[in-house]
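Below is one structure, written out as structure tokens, with a few remarks after it.
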Amino acid sequence: MYALVDCNNFYCSCERVFDVELRNKPIVVLSNNDGCVISRSQESKDLGIKMGAPYFKIQELCEDKGIFVRSSNYTLYGDMSHRIKQVLDLFSSNIEDYSIDESFLDLSDIPNKSLNEHGMDMKQTVYKWTGVPVSVGIAPTKTLAKVANHYAKKNSFTGGVFVINSVKEAEEILKQEAIEDVWGIGRQWSEKLRWKFNVTNAYELSQLDILKARSFLNKLGIHTIREINGQNCIELELESTTAKSLMRSRSFGRGVSTKKEMKEAVAEYATRAAEKLRQKKLVARNFSVFMRTPKYRDDLAKKYSYGVFELDVATNNTLEIVSKALETVDKIWSSGYVYGKAGIMATDLEEEGNVQQNLFIPLNNKNDKLMKALDVINNRFGKDCIKVGAMSKENNTWHMKRRFHSNRFTTNWDQLMIVHCISSVS
DNA sequence: TCTGGGGTCCTAGGACCC
DNA sequence: TCTGGGGTCCTAGGACCC
């Protein structure tokens, strides 16, 4: 049996842990650049706020209804996620770290009759120790555990924990899971399933003929159907596999139309990408740089530019990556456009220790030592304490907007919560 | 004025090999 | 006259996930 532990409205719940004012109030958390809604508390859902709604379209509603708005604070969410996972470690020795707010646990050691109790224990312990509410779904396959989790979330009588012991008894539950909510069935496929095969829920999907389904689903879609029928196809992934690509990109806080500013931005993203590579002990040889005009601005001329570079030897060295990235900007730059976003992607990542050297290039690890020193200094004295000259000064106006940012309560000494003690010992 | 960022896997088709 | 069979690798695009 598998358990899926999923945090309820995760980002909103994290904000709530540190700000009592937000308890029982409607909250939304916005994407980078305060663009659109990416997390809603139950109260906001009840007020009709939709996932992905652009903020400028609901701003008035937020003000009218007193909805609290926060910019996303990934430093805080990442740290809270880590704490929750430490708690879950007590409940199973085989855990898949699936996403920032979800974990799959192997519960094959737990007797079937104690599963519900075990789930309740997990839920209560996580809440007590971190302040974040979670829901628990338990079932014989990962896809069914997802269904059980949705059911637990939607039905308060479950107390936030639900167990599907077998597919046979789950028929009624499966009928309540809309086809587009099934894990692995996205918008395109669910539309086709509804329109072509009249399949509207998970139960109907389980009854669909595999041969028919093959005509438009791929291998992964077929796995989903089998999993809904209780047949295990998607294994628990215990070891985090080496990443295959790494991207750093941002939309700008305002349009960028000069090459100077574009280069500052690309230098910054290349720096972040190199830092992340070093943090993960990875290196890359192939990179691509892109820039584009805003997606939704039909009044502006559209442009998408893209260029690649390849290094002689795979690296995670900031200086090398930034200088090549800037050369690429020179190559692909077109003036006369207002750009909205740029980024850099590293592909074909390798582990730091296994780098294939180049026969014709002398080994030189001087820069590796420099990077190590750079990371130590920046970790100790603050981000960008030392940085490449090509990057801009702080708080440049093209940087992304984060108007409603909360503190980094758990990771920054200057932003700890202050508790005022008003009673005194007599 | 104003719409995120970061990933994975699969498939079809083209270019190439013998 | 007549033109097979069996592979690999790469890439772009499309689906999916959070």
Side-chain angles (χ1 to χ4, degrees), chain A residues 4-7 9-11 28-39 50-60 62 69-74 77-78 81 96-104 142-143 146 149 179-193 213-224 227 233-235 237 240-255 269 272-273 276-277 280 282 286 288 290 292-300 306 308 338 340-349 397 399-404:
Chain A
L4 172 65
V5 179
D6 188 325
C7 302
N9 318 324
F10 183 52
Y11 300 165
V28 294
V29 172
L30 303 179
S31 63
N32 280 334
N33 241 335
D34 296 337
C36 51
V37 173
I38 54 169
S39 180
K50 295 271 179 289
M51 189 66 170
Y55 178 59
F56 74 92
K57 286 191 182 167
I58 58 157
Q59 190 172 359
E60 220 169 295
C62 290
V69 179
R70 291 287 178 271
S71 304
S72 36
N73 181 349
Y74 288 108
Y77 311 151
S81 170
E96 175 182 343
D97 185 355
Y98 178 65
S99 76
I100 193 164
D101 71 333
E102 284 167 274
S103 294
F104 285 104
K142 284 164 82 176
T143 307
K146 275 267 186 184
N149 189 291
I179 188 68
E180 57 273 13
D181 295 336
V182 174
W183 188 46
I185 306 292
R187 226 192 44 201
Q188 306 292 326
W189 288 353
S190 56
E191 250 169 58
K192 243 183 203 168
L193 281 163
R214 267 199 200 284
S215 67
F216 73 101
L217 296 179
N218 65 15
K219 192 173 131 189
L220 298 174
I222 301 301
H223 279 173
T224 299
E227 284 245 322
C233 297
I234 310 173
E235 298 280 304
E237 283 174 35
S240 58
T241 45
T242 305
K244 295 178 176 57
S245 66
L246 190 150
M247 175 141 88
R248 280 298 173 269
S249 70
R250 286 286 177 279
S251 297
F252 302 130
R254 61 158 169 81
Y269 306 156
R272 299 286 166 252
K276 196 69 192 177
L277 285 171
K280 293 186 160 186
L282 296 171
N286 292 293
S288 54
F290 75 90
R292 69 159 164 75
T293 53
K295 247 203 265 184
Y296 300 95
R297 290 290 298 273
D298 291 328
D299 52 323
L300 298 175
Y306 163 91
V308 296
V338 179
K341 182 175 180 171
I344 183 166
M345 176 141 107
T347 50
D348 303 314
L349 309 186
T397 51
H399 271 123
M400 69 172 172
K401 284 181 279 198
R402 282 199 298 206
R403 285 167 291 173
F404 319 105

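Below, read A as the first sequence line, B as the second, and so on, with proteins coming before strands; counting in each chain starts at 1.
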Between [N] ([atom2]) and [X] ([atom1]): distance, integer Å:
{"X": "A:Leu349", "N": "B:dG6", "atom1": "CG", "atom2": "P", "result": "14 Å"}
{"X": "A:Met51", "N": "B:dG4", "atom1": "CE", "atom2": "P", "result": "13 Å"}
{"X": "A:Tyr74", "N": "B:dG6", "atom1": "OH", "atom2": "C1'", "result": "10 Å"}
{"X": "A:Glu237", "N": "C:dC18", "atom1": "CD", "atom2": "P", "result": "14 Å"}
{"X": "A:Leu300", "N": "B:dT1", "atom1": "CG", "atom2": "C1'", "result": "11 Å"}
{"X": "A:Asn32", "N": "B:dT3", "atom1": "CG", "atom2": "P", "result": "12 Å"}
{"X": "A:Tyr269", "N": "B:dG6", "atom1": "OH", "atom2": "C1'", "result": "14 Å"}
{"X": "A:Trp183", "N": "C:dA15", "atom1": "CH2", "atom2": "C1'", "result": "15 Å"}

[X] side chain, from C-beta outward: closest of [options]:
{"X": "A:Lys57", "options": "C:dC18, B:dT3, B:dG6", "result": "B:dT3"}
{"X": "A:Trp189", "options": "B:dG6, C:dC16, B:dG4", "result": "C:dC16"}
{"X": "A:Ser99", "options": "C:dC18, B:dT3, B:dG4", "result": "C:dC18"}
{"X": "A:Arg250", "options": "C:dC18, B:dT3, B:dG5", "result": "B:dG5"}

What does [X] touch in the nucleic acid at a heavy-atom separation under 4.0 angstrom: a base, only the sugar-phosphate, or nothing?
{"X": "A:Val182", "result": "sugar-phosphate"}
{"X": "A:Arg248", "result": "sugar-phosphate"}
{"X": "A:Tyr55", "result": "nothing"}
{"X": "A:Lys192", "result": "nothing"}
{"X": "A:Glu102", "result": "sugar-phosphate"}
{"X": "A:Lys401", "result": "nothing"}

### Task
Ignoring backbone atoms, test whether A:Lys341 places a side-chain nitrogen or oxygen under 4.0 Å from the OP1 or OP2 oxygen of B:dG5.
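For B:dG5, OP1 or OP2 has a side-chain N or O of A:Lys341 closer than 4.0 Å.
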
### Task
For B:dG4, take OP1 and OP2 only and decide whether either is under 4.0 Å from a side-chain N or O of A:Ser249.
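Indeed not, no polar side-chain atom of A:Ser249 lies that close.
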
### Query
Charged N to carboxylate O below 4.0 Å: is that the case for A:Glu237 and A:Lys142?
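No, this pair does not count.
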
Main chain of [Y], side chain of [X]: is a donor-acceptor contact present, judged purely on distance under 3.5 Å?
{"X": "A:Asn218", "Y": "A:Gly221", "answer": "yes"}
{"X": "A:Asn33", "Y": "A:Ser251", "answer": "yes"}
{"X": "A:Ser81", "Y": "A:Ile100", "answer": "yes"}

### Sole candidate of A:Ile179, A:Thr143, A:Leu220 that passes side chain to side chain contact (heavy atoms under 4.5 Å, CB included) when paired with A:Ile185
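Single pass found, and it is A:Ile179.
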
#### Entry: First encountered from the 5' end of DNA chain B, between A:Lys280 and A:Ile38
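Result: A:Ile38.
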
### Task
Assign each of A:Asp34 and A:Met345 to its nearest nucleotide of DNA chain B by heavy atoms, then name whichever residue's nucleotide is nearer the 5' end.
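Nearest-nucleotide comparison on DNA chain B picks A:Asp34.
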
Pairs: protein N or O with nucleotides 8-11 of chain B N or O, under 3.5 Å:
residue	atom	partner	partner atom	Å
B:dT8	OP1	A:Lys244	N	2.9
B:dT8	OP2	A:Ser245	OG	3.0
B:dC10	OP1	A:Lys219	NZ	3.3

### Message
With rounding to the closest Å, how many angstrom separate the P atoms on B:dT3 and C:dC18?
### Response
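Roughly 25 Å separates the two P atoms.
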
### Which residues share a ring-ring contact (aromatic ring centres under 6.0 Å, His included) with A:Tyr55, sequence neighbours left out
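Checked A:Tyr55 against ring-ring contact (aromatic ring centres under 6.0 Å, His included); matches are A:Phe404.
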
### Query
Mind checking whether A:Tyr98 and A:Phe104 have parallel, tilted or perpendicular rings, split at 30° and 60°?
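Correct class here is perpendicular.
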
### Query
Would you say the side-chain atoms of A:Ser71 and A:Asp34 include a donor-acceptor pair closer than 3.5 Å?
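Judged by distance alone, the side chains do pair up.
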
